[in-house]
Amino acid sequence: MIQLSQSAYVSLRQHGEETYPHECCGVLLGCFDDNGPQSILKTVSRIARCGNTREDSPHNRYSIDPRDLIRIQRAGRERGEEIVGFYHSHPDHSAQWSTTDLAEAHWFGCSYVITSVEKGKAVLTNSFELTGSDEDDKKFVDEKTDVIQHP
Ligand SMILES: [Zn+2]
């Protein structure tokens with residue numbers, strides 16, 4: 001299960017609207033907590049926007065610059081935050097993962113959040129957790145998404 005702060009949720013959906021008709025992408029920062037047996041709760045406190053480095057096919061592919069990722073990870077650690085997932089948008093496609101999304105996902109236990117953006121407007125936001133132990137048995141599992149309101 002993943003919990004997003006209201007501001008993180010709004011911000012990642014807005015990012016998808018801004019980059020339409022191209023895919024946006026970014027990193028989810030927060031913490032992992034035990035949530036009962038074999039259940040991990042991920043809480044997202046902030047997002048880090050990334051530029052989409054895919055110039056060949058930015059409308060249906062995304063890729064995060066590894067140097068961006070290292071910089072984001074370092075800055076997060078200084079604030080006591082971990083990378084708990086990634087997000088991207090699907091311009092004029094459903095908020096479901098694609099075979100390419102699975103092939104390019106490598107962070108086990110992390111969340112992959114996808115927002116469908118139809119005609120420039122963010123519609124659905126779904127989250128999938130990457131489970132398994134290696135590249136051969138990895139799979140995406142539907143994950144409950146909660147948005148927490150802050151007072
Ligand atoms: Zn995708």
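Both ligands and their constituent atoms are indexed starting at 1 by order of listing. Note that the structure is predicted; figures quoted are calculated from it, not measured.
In summary, an N, O or S atom of His88 is located under 2.8 Å from the Zn ion (ligand 1). The Zn ion (ligand 1) has no N, O or S atom of Glu23 under 2.8 Å away, backbone or side chain.
Checked by atom type and distance alone, the side chain of Asp134 pairs as donor or acceptor with a backbone atom of Asp137 at under 3.5 Å. No donor-acceptor pair closer than 3.5 Å links the side chain of Asp65 to the backbone N or O of Thr53.
If you check the side chains of His15 and Tyr87, you find a donor sitting under 3.5 Å from an acceptor.
Angle NE2 (His90) to the Zn ion (ligand 1) to OD2 (Asp101): 100°, rounded to 10°.
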Note to self: Quick one, Glu143 with Lys42, criterion salt bridge (charged side-chain N to carboxylate O under 4.0 Å, His left out). Give me CA distance, side-chain angles, the key distance, then yes/no.
What the structure shows: CA-CA 11 Å; Glu143 179 174 56; Lys42 280 156 283 185; 2.7 Å; yes

